[in-house]
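See structure below.
Note that these values count all heavy atoms, side chains included, but never hydrogens, waters or copies made by symmetry.
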2 protein chains.
Amino acid sequence: MTDLDIAEVAHRAGVPASTLRFYEEKGLISSTGRRGLRRQYDPGVLDRLALIALGRTAGFSLDEIAQMFAPDGRPRIDRDMLSAKADELDRTIRELGVLRDSLRHAAACPAPSHLECSTFRRLIDAAASGGVAAPGRRPPERR
Amino acid sequence: MTDLDIAEVAHRAGVPASTLRFYEEKGLISSTGRRGLRRQYDPGVLDRLALIALGRTAGFSLDEIAQMFAPDGRPRIDRDMLSAKADELDRTIRELGVLRDSLRHAAACPAPSHLECSTFRRLIDAAASGGVAAPGRRPPERR
DNA sequence: GTTCTACTTCAAGTCGACTTGAGGTCAAGA
DNA sequence: TCTTGACCTCAAGTCGACTTGAAGTAGAAC
């Protein structure tokens, strides 16, 4: 068998073993069995973990991510939901672009107060009208 | 005086008054004074709140956001930090782009399992090598 | 002058995502 | 065979960002 020990998975995925146990409890991943007490995993779990990390970065909750997969581990075929999430991401990406530009500008602009700088104001306004107050999302904090 | 009542600010900014009090306590915003018990705010607080919301969407913590402003409300001139944050955002934006493309693909691809689809695999791999396991960030949850 | 109501303070509660701690177990090496 | 160390379970703790609840208060309407 080519299965991986939990320590190996934790190491390769860059997450603590406690997180793997937690994800398993939540149904996000599953182990193929045990060797003694120790969980063994199919190498495919690494893809799954990458996908989960990606989803978390995008701000999806673990529950939402779980919904994107069928119980067998395959992405679900709820195409409408998938598209909706993609649209949501598109909006977020645009907002972040505005913020990035604002930060870069703030780092360069010599105006005494950035709120007095027309470039900065335009960026803020763009963000505000772009729906900044709309549903935000929270990716994970690294420990 | 053109100051705004807390209720007015809450309404215009789309956040509950409790959040405004909380932000004030954290030093993220400040009121110009009171009318009776009620906090009054300078209209400029709306810009500040927009900026805070933007920062939260980008995944910065309230403490980090607070650091981006001088005590007088002006953006701080820590250009290095600002640039670093912008770079960080750039990475996040790229990752989200990958995820968005992945989702769109998953919504369209007819392969039985997406992990068997080469397009999807390429996307995941791109994400993984792009540093998905790197410091993530968490924008706010809307209630 | 009394009542109403939206505000006030302060402490405590909530939620998601994990982490930590206590006490237990088992495969492998000496 | 015995020890060791990394895993195990389960409950409880933590952290950030707010929200909620109880008890109080001031300005406006009656």
Side-chain angles (χ1 to χ4, degrees), chain A residues 1 3-41 45 49 51-67 132-133 135-143, chain B residues 1 3-41 45 49 51-67 132-133 135-143:
Chain A
M1 61 162 101
D3 278 3
L4 306 174
D5 184 89
I6 186 173
E8 178 72 11
V9 173
H11 177 241
R12 289 212 210 168
V15 301
S18 64
T19 299
L20 297 179
R21 284 189 284 268
F22 177 70
Y23 282 0
E24 184 168 334
E25 195 182 338
K26 286 223 109 188
L28 285 164
I29 60 176
S30 57
S31 47
T32 53
R34 300 286 180 112
R35 170 131 83 156
L37 284 179
R38 299 172 186 212
R39 288 164 174 81
Q40 301 295 119
Y41 293 95
V45 79
L49 287 169
L51 234 30
I52 292 170
L54 203 49
R56 296 277 304 123
T57 300
F60 299 117
S61 71
L62 293 182
D63 286 350
E64 282 175 313
I65 292 171
Q67 300 230 322
V132 176
R137 311 239 112 254
R138 22 174 40 188
E141 199 73 52
R142 264 301 149 185
R143 318 239 162 180
Chain B
M1 60 163 101
D3 278 3
L4 306 174
D5 184 89
I6 187 172
E8 178 73 10
V9 173
H11 178 241
R12 291 210 209 169
V15 302
S18 64
T19 299
L20 298 178
R21 284 189 283 268
F22 177 70
Y23 281 1
E24 184 168 334
E25 195 182 337
K26 286 223 107 188
L28 284 164
I29 60 175
S30 55
S31 47
T32 53
R34 301 288 180 111
R35 169 132 83 156
L37 284 179
R38 300 172 185 212
R39 287 164 174 81
Q40 302 294 120
Y41 293 95
V45 79
L49 287 169
L51 235 28
I52 292 170
L54 202 48
R56 295 279 302 123
T57 300
F60 298 118
S61 71
L62 293 184
D63 286 349
E64 282 176 314
I65 292 170
Q67 300 229 322
V132 175
R137 313 236 113 254
R138 22 173 40 187
E141 199 71 51
R142 266 299 148 185
R143 318 236 163 181

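- Across all strands shown, A:S18 has heavy atoms under 4.0 Å from base atoms, whether or not it also approaches the sugar-phosphate.
- Straight-line distance from the CD1 atom of B:I65 to the P atom of D:dG16: 14 Å, rounded to whole Å.
- Interatomic distance, A:L51 CG to A:R56 CZ, rounded to the nearest 0.5 Å: 13.5 Å.
- Comparing C:dT19, D:dC18, C:dT9 against the side chain of B:R21 picks out C:dT9 as the nearest.
- Listed by first residue number, the stems of DNA chain D with at least three Watson-Crick or G-U pairs below 3.5 Å are C:1-30 with D:1-30.
- For the pair A:D3 and A:R35, the salt-bridge criterion is not met [side-chain N within less than 4.0 Å of a carboxylate O].
- Rounded to whole Å, the distance from CD on B:E8 to P on C:dA6 is 15 Å.
- Counting non-hydrogen atoms under 4.0 angstrom, B:A17 reaches nothing in the nucleic acid.
- Remark: A:R39 is in phosphate contact with D:dC8, judged by side-chain N or O atoms under 4.0 Å from OP1 or OP2.
- Remark: C1' of C:dC18 and CZ of A:R56 are 10 Å apart, rounded to the nearest angstrom.
- One atom, CD1 of B:I29, and another, P of D:dC18, lie 11 Å apart when rounded to the nearest Å.
- B:A10 and B:A17 make their closest contact through CB-N, 3.9 Å (heavy atoms, listed as atom of the first residue, atom of the second, distance).
- In this structure, B:I6 atom CD1 and C:dA6 atom P are separated by 14 Å, rounded to whole Å.
- As a whole-Å value, the separation of B:F22 CZ from C:dC7 C1' is 20 Å.
- At whole-Å resolution of the value, CD in B:E64 and P in D:dC15 are 17 Å apart.
- From A:S18, atom OG reaches atom CD1 of A:I6 across 8.5 Å, with rounding to the nearest 0.5 Å.
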At a cut-off of 3.5 Å, list every protein nitrogen or oxygen paired with a nitrogen or oxygen from nucleotides 23-30 of chain D, distance to 0.1 Å.
from, atom 1, to, atom 2, distance (Å)
D:dG27, OP1, B:G36, N, 3.3

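- Within the structure, every pair that satisfies the salt bridge (charged side-chain N to carboxylate O under 4.0 Å, His left out) test and touches residues 14-25 of chain B, not counting sequence neighbours, is listed here: B:E24-B:R39.
- Within the structure, a side-chain polar atom (N or O) of A:T19 is placed less than 4.0 Å from OP1 or OP2 of C:dT19.
- When all heavy atoms are compared, the tightest approach of A:L49 to A:A13 is CD1-CB, 3.7 Å.
- A:Y23 has a side-chain polar atom (N or O) that falls below the 4.0 Å cut-off from OP1 or OP2 of C:dC18.
- Taken to the nearest 0.5 Å, the CD1 atom of B:I65 stands 7.0 Å off from the CG atom of B:L28.
- If you check C:dC18, C:dC7, D:dA17 against the side chain of B:D5, the one that comes closest is C:dC7.
- Between A:R34 and C:dT25 there is no side-chain N or O to OP1 or OP2 distance below 4.0 Å.
- Contact detail for B:I29 and B:L20: the closest heavy-atom pair is CD1-O, 3.5 Å.
- Here the side chain of B:T57 pairs a donor or acceptor atom with the backbone of B:A53 at under 3.5 angstrom.
- Within the 4.5 Å cutoff, the side chain of B:D5 has no heavy atoms near those of the B:Y41 side chain.
- To the nearest angstrom, C1' of D:dA17 lies 14 Å from CG of B:L20.
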